[in-house]
Amino acid sequence: MKKALIIGVTGQDGSYLAELLLSKGYEVHGLKRCASILNTQRIDHLYTEPLEPSTKFFLYHGDITDSENIRKLIFKIKPVEIYNLAAQSHVGISFAIPEYTANVVALGTLRILEAIRDFESFTGEKIKFYQASSSEMFGNSPPPQNEETKFYPRSPYGAAKTFAFHITKNYREAYNIFACNGILFNHESPRRGEIFVTRKITRGVARIKAGLDKKIYLGNLESKRDWGYAPEYVEAMYLMMQQATPSDYVVGTGEAHSVKEFVEEAFKYAGISPWQEYIEISPRYMRPIEVENLIADYSKIKKELEWEPKTKFKDLVKIMVNSDIEKCLKL
């Protein structure tokens, strides 16, 4: 039975990836940060009593700012695959806490790679490593962006991800570690955190429809992003890790839509108009510098791994609005 370690298992991508790997017969080990409140809502349905013989899903407390903790876990679990999905992943917040963002996103990746290098040197066993890179690394480089596009990050988060990308590639070349970067463009789902703009919109629309709220406060409506469906993107992660040779891949849909378009589609689907009456622009949500347009050229992963997105933009919005409306009905 293959063992996989998912670092950042309680996040959107971590929960979908855990489901996927379990369905493929893996024994899945997940790392979560210790918090004073439970933050396991996305994976509670996967959890069983660890002492049960049938258990294939195990949780550990830890943090990638703690190198010794990471090293001990890797030596204990002996995974054949490690997926690093941990991050301070909110771009706007990275401007407020840049040092912490760099410590987690950039140096956290380095700590994992160093632990893998030690493990492989000591045991002679190999580990495959997946690094969750980001389209935010491209920043203001002209779209469409692919694996050859120059990085031009416009936030502490993007800059930290750029370091993580390069250090992953460096360890691949210097130490022959199977290390690959998935350069994922924006990907959403009902499990997206409520502070992210797409979920903020769909949750706000649902609450307005239910009479619970009257306004949604947003920032720049003109920014364009390439939005896809998260469960499909974790399939791309898995495919990258099944190859004989590691490589880096852009993952996206090849379409860009503005925040304004997302707002319009969400309100339209919920049957609320005019949407302008419910949206307020707040300086609080404006960033010091903005990334205007991200569009993925995913031709490499389509050609080499036969992966391509299935869920279209309007369908993604519907999935998320429906989910948040259902949640409001349960209140």
Side-chain angles (χ1 to χ4, degrees), residues 8 11-14 64 83-110 130-169 180-189 192-193 195-200 218-230 233-234 236-237 240 248-259 262 285-298 300-301 309:
Q12 170 188 251
D13 292 3
I64 56 175
Y83 297 81
N84 179 28
L85 311 182
Q88 187 303 100
S89 58
H90 194 283
V91 177
I93 290 174
S94 76
F95 286 99
I97 49 173
E99 182 179 339
Y100 174 76
T101 300
N103 190 16
V104 173
V105 177
L107 296 182
T109 304
L110 176 59
Y130 172 86
Q131 168 60 20
S133 291
S134 169
S135 60
E136 289 292 329
M137 300 186 305
F138 294 123
N140 264 19
S141 287
Q145 295 95 0
N146 60 30
E147 293 81 4
E148 304 303 319
T149 302
K150 180 182 177 181
F151 295 144
Y152 186 0
R154 302 273 283 175
S155 66
Y157 171 76
K161 280 290 187 183
T162 302
F163 174 91
F165 172 91
H166 284 301
I167 203 66
T168 297
K169 190 173 181 180
C180 58
N181 286 286
I183 308 173
L184 273 57
F185 281 60
N186 292 59
H187 46 290
E188 318 298 319
S189 76
R192 189 58 144 153
I195 63 172
F196 292 88
V197 67
T198 50
R199 184 70 197 291
K200 189 175 181 181
L218 300 173
N220 184 5
L221 297 185
E222 304 307 320
S223 290
K224 292 183 177 180
R225 294 293 185 271
D226 184 328
W227 278 305
Y229 188 38
Y233 285 44
V234 301
M237 298 177 193
M240 292 179 212
D248 306 319
Y249 294 92
V250 160
V251 181
T253 71
E255 295 182 9
H257 297 273
S258 67
V259 175
F262 201 104
Y285 301 113
M286 294 292 186
R287 297 170 186 171
I289 48 176
E290 186 59 81
V291 173
E292 297 298 338
N293 197 359
L294 295 174
I295 307 174
D297 170 7
Y298 65 93
K300 179 182 175 182
I301 194 170

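Given the structure is predicted, the values throughout are model-derived calculations rather than measurements. Residue numbers run from 1 in the order of the sequence given.
Nearest heavy-atom pair, S94 versus P156, reported as atom, atom and distance to 0.1 Å: O-CG, 3.3 Å. Closest of all the heavy-atom pairs between Y130 and G182 is OH-CA, 3.4 Å. Nearest approach of A296 to D226, heavy atoms of both residues: N-OD2, 2.9 Å. For N181 against A164, the heavy-atom pair with the smallest separation is OD1-O, 4.4 Å. In this structure, W227 and T253 approach most closely via the heavy-atom pair O-CG2, 3.5 Å.
Aromatic ring centres of F138 and F151 lie closer together than 6.0 Å.
By the salt bridge (Lys or Arg N to Asp or Glu O under 4.0 Å) test, D248 is found to be paired with R172, residues two or more places apart in sequence or in another chain being considered. Applying the ring pair (Phe, Tyr, Trp, His ring centres under 6.0 Å) criterion to Y233, with sequence neighbours excluded, gives H187, W307. In this structure N84 satisfies the side chain to side chain donor-acceptor pair (under 3.5 Å) test together with T109, Q131, sequence neighbours excluded. Considering only residues two or more places apart in sequence or on other chains, F196 meets the ring pair (Phe, Tyr, Trp, His ring centres under 6.0 Å) condition with H90. Residues meeting the side chain to side chain donor-acceptor pair (under 3.5 Å) test with D297, sequence neighbours left out: N146, S299.
Applying the side-chain hydrogen bond (donor to acceptor under 3.5 Å, both in side chains) rule to pairs touching residues 154-168 yields nothing, sequence neighbours excluded.
The distance from atom CD1 of I183 to atom CD of E147, rounded to the nearest 0.5 Å, is 6.0 Å. Within the model, atoms CE of M237 and SG of C180 stand 10.5 Å from one another, a figure rounded to the nearest 0.5 Å. A distance of 9.5 Å separates CD1 of I167 from CG of L107, quoted to the nearest 0.5 Å. Taking OG of S134 as the reference point, atom CG of N186 lies at 7.0 Å (rounded to 0.5 Å). The CG atom of L294 sits 5.5 Å away from atom CZ of F185, with the distance rounded to the nearest 0.5 Å.
Applying the 6.0 Å contact sphere to NZ of K300 captures more than 12 heavy atoms from other residues, nucleotides or ligands. For NZ of K200, the number of neighbouring non-hydrogen atoms (other residues, nucleotides, ligands) closer than 6.0 Å is greater than 12.
Contact check for V250 versus I301: no side-chain heavy atoms found under the 4.5 Å cut-off. Taking 4.5 Å as the limit, every side-chain heavy atom of V291 sits out of range of all side-chain heavy atoms of V91.
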Determine, step by step, whether M286 and N220 satisfy the side chain to side chain contact (heavy atoms under 4.5 Å, CB included) criterion, reporting the C-alpha distance in whole Å, the side-chain angles of both residues, the deciding distance to 0.1 Å, and the verdict. CA-CA 6 Å; M286 294 292 186; N220 184 5; 4.1 Å; yes
Before you tell me yes or no, could you show the steps for Q12 and S189 under side-chain hydrogen bond (donor to acceptor under 3.5 Å, both in side chains), namely the whole-Å CA-CA distance, both residues' side-chain angles and the distance that decides it to 0.1 Å? CA-CA 8 Å; Q12 170 188 251; S189 76; 2.8 Å; yes
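A donor-acceptor pair is defined here as one N or O able to donate and one able to accept, closer than 3.5 Å; no such pair exists between the side chain of S133 and the backbone of F165. Under the 3.5 Å distance criterion, the side-chain polar atoms of R199 are matched with a main-chain donor or acceptor of R192.
Checked options E292, E188, E290; the residue passing with R225 is E290 (criterion: salt bridge (Lys or Arg N to Asp or Glu O under 4.0 Å)).
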